[in-house]
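Beneath this line is the structure, given in structure tokens, with notes to follow.
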Amino acid sequence: MNQIPERLTMVRERIRRAATACGRDPGDVTLLAVSKTKPLADVIAAYEAGQRLFGENYLQDALPKILGMPASDVEWHFIGRIQGNKTAEISRHFSWVHGLDRVHHAEQLSRYRPAGMADLQVCLQVNLSAEASKGGVAADQLPALARAVADLPRLRLRGLMTMPDPHATNDALHAAFSRLRHLRDRLNAEGSALDTLSMGMSGDLETAIAEGATIVRIGTDIFGARD
Ligand SMILES: *Cc1c(COP(=O)(O)O)cnc(C)c1O
């Protein structure tokens, strides 16, 4: 049974309550529905319930949905790890990329972004845990990456993204999200104009909103558990 409209309503209500609880305008928090691994029919069900922004992790899984979507007023966000041999297709089919962490990928996305399309909107992924295996640029490398990306044509640097350790305590989540906000503020003090903090998923959206999230990326609580 398809409970997507009801689940969407509940997630929107959680966002509204979380924003209000910390004195923020709920309209300043954008809901990105993460439809990875889910069928096109689920995306359409969410669309019919008013959702317009969708996040996907895997290019091959996303393309049939992007190309098959009957509506054109949909914004696709690539939130997965970027592979070098996929940058051309990513740059052609998505409006946003959230997981950029290497200058080389930025250069390729810039080169392949079709001139007739709007600039590709970009968030830099920051790795705030000590795990080298995880995606994201280290905080001390972030300013150099931000400068390099800001100089590339056809990309528009919008902000920062992070994926905290899934087993983090609530205190550790607050600390990680707050750290991302401070990194954004510091870049802005040095001349950037970043308006986006992409942080918060199904289990921690309230914490992320309390720390300033402007985009929350929600999969499970809209579309149900993934296999
Ligand atoms: C899968 C995924 C999400 C959504 O996670 P849920 O816990 O299902 O809400 C958000 N961001 C990224 C980068 C993801 O890969």
Side-chain angles (χ1 to χ4, degrees), residues 2-18 29-40 42-43 45-46 49 51-63 65-66 75-83 86-87 90 93-102 105 109 120-129 131 133-137 158-170 172-173 176-177 179-180 196-227:
N2 173 359
Q3 300 176 323
I4 291 170
E6 293 78 8
R7 289 166 174 273
L8 257 177
T9 301
M10 281 195 287
V11 168
R12 289 185 188 125
E13 177 58 19
R14 278 172 66 192
I15 292 171
R16 196 194 61 74
R17 251 186 276 133
V29 182
T30 298
L31 172 58
L32 179 62
V34 178
S35 48
K36 65 181 178 201
T37 80
K38 298 296 182 179
L40 176 60
D42 286 7
V43 177
Q51 182 64 28
R52 292 293 179 271
L53 275 55
F54 295 93
E56 290 280 340
N57 283 52
Y58 312 103
L59 181 72
Q60 297 316 323
D61 180 43
L63 275 184
K65 293 181 243 182
I66 295 174
E75 200 172 88
W76 294 97
H77 292 227
F78 189 81
I79 62 173
R81 286 200 85 161
I82 298 167
Q83 292 173 272
K86 301 278 166 55
T87 49
I90 291 170
H93 293 290
F94 287 85
S95 298
W96 283 67
V97 168
H98 290 235
L100 190 60
D101 61 1
R102 294 169 63 174
H105 290 160
L109 291 169
L120 184 63
Q121 311 293 302
V122 169
C123 290
L124 304 179
Q125 184 175 350
V126 185
N127 185 346
L128 296 172
S129 72
E131 291 172 61
S133 64
K134 286 214 325 193
V137 64
R158 294 293 299 270
L160 305 180
M161 180 272 223
T162 201
M163 296 258 295
D165 178 345
H167 307 295
T169 63
N170 198 46
L173 287 171
F177 293 144
R179 181 104 195 282
L180 197 73
T196 300
L197 287 175
S198 170
M199 57 190 197
M201 312 198 300
S202 292
D204 56 20
L205 76 85
E206 285 83 2
T207 311
I209 289 171
E211 295 293 351
T214 65
I215 298 181
V216 291
R217 310 179 310 266
I218 310 299
T220 307
D221 284 358
I222 296 173
F223 295 108
R226 291 176 294 272
D227 299 333

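Both counts, for ligands and for their atoms, begin at 1 and track the order of listing.
A heavy-atom distance below 4.5 Å is found between the side chains of Phe94 and Ile66.
Among all heavy-atom pairs drawn from Ala213 and Met199, the shortest one is CB-O, 3.3 Å.
Rounded to the nearest 0.5 Å, atoms CD1 (Ile90) and CD1 (Ile82) are 5.5 Å apart.
Within 6.0 Å of the CZ atom in Arg12, the count of heavy atoms belonging to other residues, nucleotides or ligands exceeds 12.
The protein atom (non-hydrogen) at minimum distance from atom 8 (O) of ligand 1 is Thr220 OG1, 2.5 Å. Protein heavy atom in closest approach to atom 10 (C) of ligand 1: Met201 SD, 3.2 Å. Of all protein heavy atoms, the one closest to atom 1 (C) of ligand 1 is Lys36 NZ, 1.4 Å. Among all non-hydrogen protein atoms, the one lying nearest atom 9 (O) of ligand 1 is Ser202 OG, 2.5 Å.
Less than 4.0 angstrom separates some heavy atom of Arg217 from each of these atoms of ligand 1: 4 (C), 9 (O), 10 (C), 11 (N), 12 (C), 13 (C).
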Cut-off 3.5 Å, no hydrogens considered: what does the side-chain donor-acceptor table look like for residues 218-227, sequence neighbours left out?
unit_1, atom_1, unit_2, atom_2, d
Asp221, OD2, Arg14, NH1, 2.7

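Put simply, part of Arg226 is less than 4.0 Å from ligand 1, judged by heavy atoms.
By the criterion of a heavy-atom distance under 4.0 Å, the side chain of Met163, and not its backbone, is placed next to ligand 1. By the criterion of a heavy-atom distance under 4.0 Å, the side chain of Asn57, and not its backbone, is placed next to ligand 1.
In this view, Trp96 and Glu75 satisfy the side chain to side chain donor-acceptor pair (under 3.5 Å) rule, not counting sequence neighbours.
Inspection of the Ser35 and Asp42 side chains reveals no N or O donor paired with an N or O acceptor under 3.5 Å.
Comparing Ile218, Asp221, Asp204, Ile79 by heavy-atom distance to atom 12 (C) of ligand 1, the nearest is Ile79.
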